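Everything below concerns the one structure shown next.
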Protein chains: 2
Amino acid sequence: MADDRLSLVFSALADSTRRDIVARLASGDATVNELAEPYDVTVQAVSKHIRVLESAGLVSRSRDAQRRPCHLEAEVFDLMTKWIERYRREAEDRFRRLDALLEQMDDQPVTGDATKEAAS
Amino acid sequence: MADDRLSLVFSALADSTRRDIVARLASGDATVNELAEPYDVTVQAVSKHIRVLESAGLVSRSRDAQRRPCHLEAEVFDLMTKWIERYRREAEDRFRRLDALLEQMDDQPVTGDATKEAAS
DNA sequence: CCACTATTCAACCGATTGGTTAAATACCCT
DNA sequence: AGGGTATTTAACCAATCGGTTGAATAGTGG
């Protein structure tokens with residue numbers, strides 16, 4: 001389950017430590033040890049986090065002797081942004097239409113019969 | 001853990017059923033039963049999904065007799081978009097700088113010194 | 001070669017997750 | 001009041017998650 005790309009990306013970023021790692025990688029590549037240093041968890045735990053980010057396609061790695069520098073892959077962000085923007089736009093459009101409708105109803109108040117409105 | 005807003009939102013959207021629900025709500029409010037209908041899971045499971053979306057602030061609900069229509073809250077999307085855009089931009093800028101550097105190195109291959117004009 | 005550094009693998013643990021079934025609640029309608 | 005519909009709560013289950021410790025692997029560099 002949840003092996004589709006979008007699920008992997010969202011769930012990778014659902015963890016604040018991983019988001020933090022992404023934030024740090026945004027300003028430059030770093031090794032596992034470097035990334036682990038600021039946290040009070042073990043380096044193994046950080047290694048696992050990186051693997052999660054990697055399998056979501058958010059991070060790639062190269063070799064430098066025994067080090068495995070991590071590099072942030074920016075393209076994947078597009079996937080999320082596109083998804084988010086799409087539904088946000090739809091929802092906002094609907095909201096605007098409703099808003100317009102309400103305003104219109106406000107302009108010409110309830111003339112006719114007894115629809116009971118919740119007036120507070 | 002993970003009780004910060006961003007974690008809640010990302011983890012809510014890390015599930016494809018929940019993303020699907022969001023997608024459907026983007027084109028109009030719907031009740032729990034309506035939302036549950038297309039899936040082969042129980043309505044209780046869908047109710048749980050909605051609760052997750054609700055506590056992430058992605059969905060709000062009203063009352064209509066015994067029904068609880070769900071409504072998509074568009075504002076929360078901003079939170080994600082801002083986060084994503086921020087780090088994507090940083091990562092892309094770095095990528096561009098690196099790209100420029102590599103091109104520059106390509107223009108003037110590793111000779112000792114002398115040539116310092118890279119032209120374009 | 002050997003010791004040291006960097007990273008991963010393996011096994012385990014408690015908490016959370018997504019799902020189930022069964023029962024409870026809430027509300028409408030006749 | 002009572003039956004029907006919509007939804008939630010409760011208790012449970014297997015799987016996954018984030019973390020640990022301990023051991024293994026990979027590669028450098030004196």
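Just so it is clear, the structure is predicted and the values come from calculations on it, not from any experiment.
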Legend entry - Side-chain heavy atoms of Leu35(B) within contact of Leu25(B), under 4.5 Å: yes
Inset, instruction - Indicate yes or no: at least one non-hydrogen side-chain atom of Glu90(A) is less than 4.5 angstrom from one of Arg86(A). - result: yes
Between [X] and [N], is there a side-chain N or O to OP1/OP2 distance below 4.0 Å?
X: Asn33(A); N: dT5(C); result: no
X: Thr42(A); N: dT20(D); result: yes
X: Arg68(B); N: dA26(C); result: no
X: Arg61(A); N: dT8(C); result: yes
X: Arg67(A); N: dA26(D); result: no
X: Ser47(B); N: dT7(D); result: no

Rounded distance in Å - [atom1] ([X]) to [atom2] ([N]):
X: Asp15(B); N: dT16(C); atom1: CG; atom2: P; answer: 18 Å
X: Glu37(A); N: dT5(C); atom1: CD; atom2: P; answer: 16 Å
X: Phe10(B); N: dT17(C); atom1: CZ; atom2: P; answer: 17 Å
X: Gln44(B); N: dA24(C); atom1: CD; atom2: P; answer: 14 Å
X: His49(B); N: dG18(C); atom1: NE2; atom2: P; answer: 6 Å
X: Gln66(A); N: dT25(D); atom1: CD; atom2: C1'; answer: 12 Å
X: Lys48(B); N: dT7(D); atom1: NZ; atom2: C1'; answer: 14 Å
X: Asp64(B); N: dA6(D); atom1: CG; atom2: C1'; answer: 11 Å

Legend entry - Which residue lies more 5' along DNA chain D, comparing Val43(A) with Glu54(B) via nearest heavy atoms: Glu54(B)
Inset, instruction - Nearest-nucleotide wise, let me know which of Glu34(B) and Thr17(A) is further upstream toward the 5' end of DNA chain D. - result: Glu34(B)
Legend entry - Val41(B)-Val52(B) co-clustered via ILVMFWY side chain contacts under 4.5 Å: no
Inset, instruction - Taking atom types as modelled, find out whether Ser7(B) and Asp4(B) have a side-chain donor-acceptor pair closer than 3.5 angstrom. - result: yes
Inset, instruction - Indicate yes or no for a side-chain donor-acceptor contact from Arg5(B) to the backbone of Gly57(B) under 3.5 Å, with no hydrogens or angles considered. - result: no
